[in-house]
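What's counted below: heavy atoms across the whole structure, side chains too, no hydrogens, waters or symmetry copies. Just so we're on the same page: letters track the sequence lines, and every chain starts at 1.
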Amino acid sequence: MEKKIIKRFKDFDPVHIFECGQCFRWVRQEDGSFTGVAGGKVLNVKKEGEDIIFSNTDEEEFQNFWRNYFDLDTDYGKIKEELRKNDSVMDEAVDFGQGIRILKQDPWEMLISFIISANNRIPMIMRGVKLLSEKYGEFICDFRGEKYYSFPAPEKFLSGEISDIRVSGIGFRDKYIYNTASKFVDEKIDLDLLRNKDFDDMKKGLMQFSGVGPKVSNCIALFSLDALDAFPVDTWVKKVMEYFYLHEDTDLKVIEDFSRKKFGKLSGYAQQYLFYYAREKKIGK
DNA sequence: CTGCAGGGGTAAA
DNA sequence: TTTACCCCTGCA
């Protein structure tokens, strides 16, 4: 496979993109690059100076898949400029995570991945998703000494007992995954149909699934259904919003509504900069 | 070394 | 509104 190199590309830092909490299948390598799986393909991403090097792909695949996946046609410079206006907190958060981009991920994979994320920590979530892919997914290829597997299709989770799903990192969420996969298969669910709905209907649609509540539905909407006005409030975002904006203990739903009103159609981007800032700087600890 | 508290969204009591 | 869920990490 060839490489694709984009020279002097702004607003793209693999560390920021892959460690801002939106994805679980990209692993940092010893040389500082990241290798990951998406859309049944394996890719390595490395930043060298201002150039981005995409390995294990070719021009056609890059244009047909990765270009959209990395949201390369969105102008993040403009988004950041807008967020910085009259907001010294966002000004700093945007500087800190200046290379973040919101990936366009697969809705089914996000649904299951964020069910796993509830009451769980990122290394555990990554382990769970990896083990489930090895157990139920399709082998893709060997790459630099590792074997890579696609994210499993819904029916694969139904091939055995509920407890079979309970690999390390999954725990009590096994039944949520089983129930969600069953509903998916039985009702021939097409999550892409939710794309055209307004935010409240989209959220309602997602919360039909077992293990999906307010926070998880916001994540699925933001990371896979183009709802860039979503604002998932997890423990870090709660802390950072209270610390900088609200100055008192505040209900999660109130924080979500306040933030979506404040940041408008850029809420999702704001959430990513704030999450990354809060987590790396341990705000409120 | 061993043991135990801490952490984290959702469902269900 | 409170509690249980699972399992790794960190610290005593």
Round to the nearest Å and state the distance from R279(A) atom CZ to dG8(B) atom P.
10 Å

Not counting sequence neighbours, which residues clear ring pair (Phe, Tyr, Trp, His ring centres under 6.0 Å) with F172(A)? List them please.
none

Looking just at side-chain N and O atoms, do S33(A) and Q29(A) make a donor-acceptor pair shorter than 3.5 Å?
no

Taking CG from N120(A) and P from dA11(B), how many angstroms apart are they, rounded to a whole number?
15 Å

With a cutoff of under 4.5 Å between side-chain heavy atoms, which Ile, Leu, Val, Met, Phe, Trp and Tyr residues group with Y149(A)?
F139(A)

Q208(A) CD to dT10(B) C1', straight-line distance once rounded to whole Å:
15 Å

Donor + acceptor pair across side chains of T35(A), N44(A) (<3.5 Å):
yes

Kindly state whether the ring of F96(A) and the ring of Y273(A) have centres lying under 6.0 angstrom apart.
no

May I ask you to decide if D87(A)'s main-chain N or O and D91(A)'s side chain share a donor-acceptor pair within less than 3.5 Å?
no

Quick check on contacts: within residues 158-174 of chain A, what sits under 4.0 Å from DNA chain C by heavy-atom distance?
R166(A), S168(A), G171(A), F172(A)

Interatomic distance where CG belongs to L252(A) and P belongs to dA11(B) [whole Å]:
14 Å

Residues that D249(A) engages under salt bridge (Lys or Arg N to Asp or Glu O under 4.0 Å), provided they are two or more places apart
K238(A)

Plane angle bin for F65(A) and Y69(A) - parallel if under 30°, tilted between 30 and 60°, otherwise perpendicular:
parallel

K239(A) NZ - dG6(B) C1' separation (whole Å)
11 Å

Identify whether NZ of Lys or CZ of Arg in R260(A) sits under 6.0 Å from the centre of the six-membered ring of F199(A) and within 45° of that ring's axis.
yes

Give one of base, sugar-phosphate or nothing for F114(A), where a contact means two heavy atoms less than 4.0 Å apart.
nothing

Which parts of residues 210-218 of chain A get close to DNA chain B, meaning a heavy atom less than 4.0 angstrom away?
S210(A), G211(A), V212(A), G213(A), P214(A), K215(A), V216(A)

Report the distance from atom CH2 of W236(A) to atom P of dG8(B), rounded to the nearest whole Å.
6 Å

Is the F54(A) to F70(A) ring centre distance short of 6.0 Å?
yes

Relative to the ring of F209(A), is the ring of F184(A) parallel (under 30°), tilted (30 to 60°) or perpendicular (over 60°)?
tilted

DNA chain C: 5'-most and 3'-most nucleotides touching chain A, 4.0 angstrom heavy-atom criterion
dC5(C) to dC8(C)

Rounded off to whole Å, could you give me the CD1-to-C1' distance for the I177(A) and dT10(B) pair?
14 Å

For M124(A) and dG7(B), what is the distance between atoms CE and C1' respectively, to the nearest whole Å?
13 Å

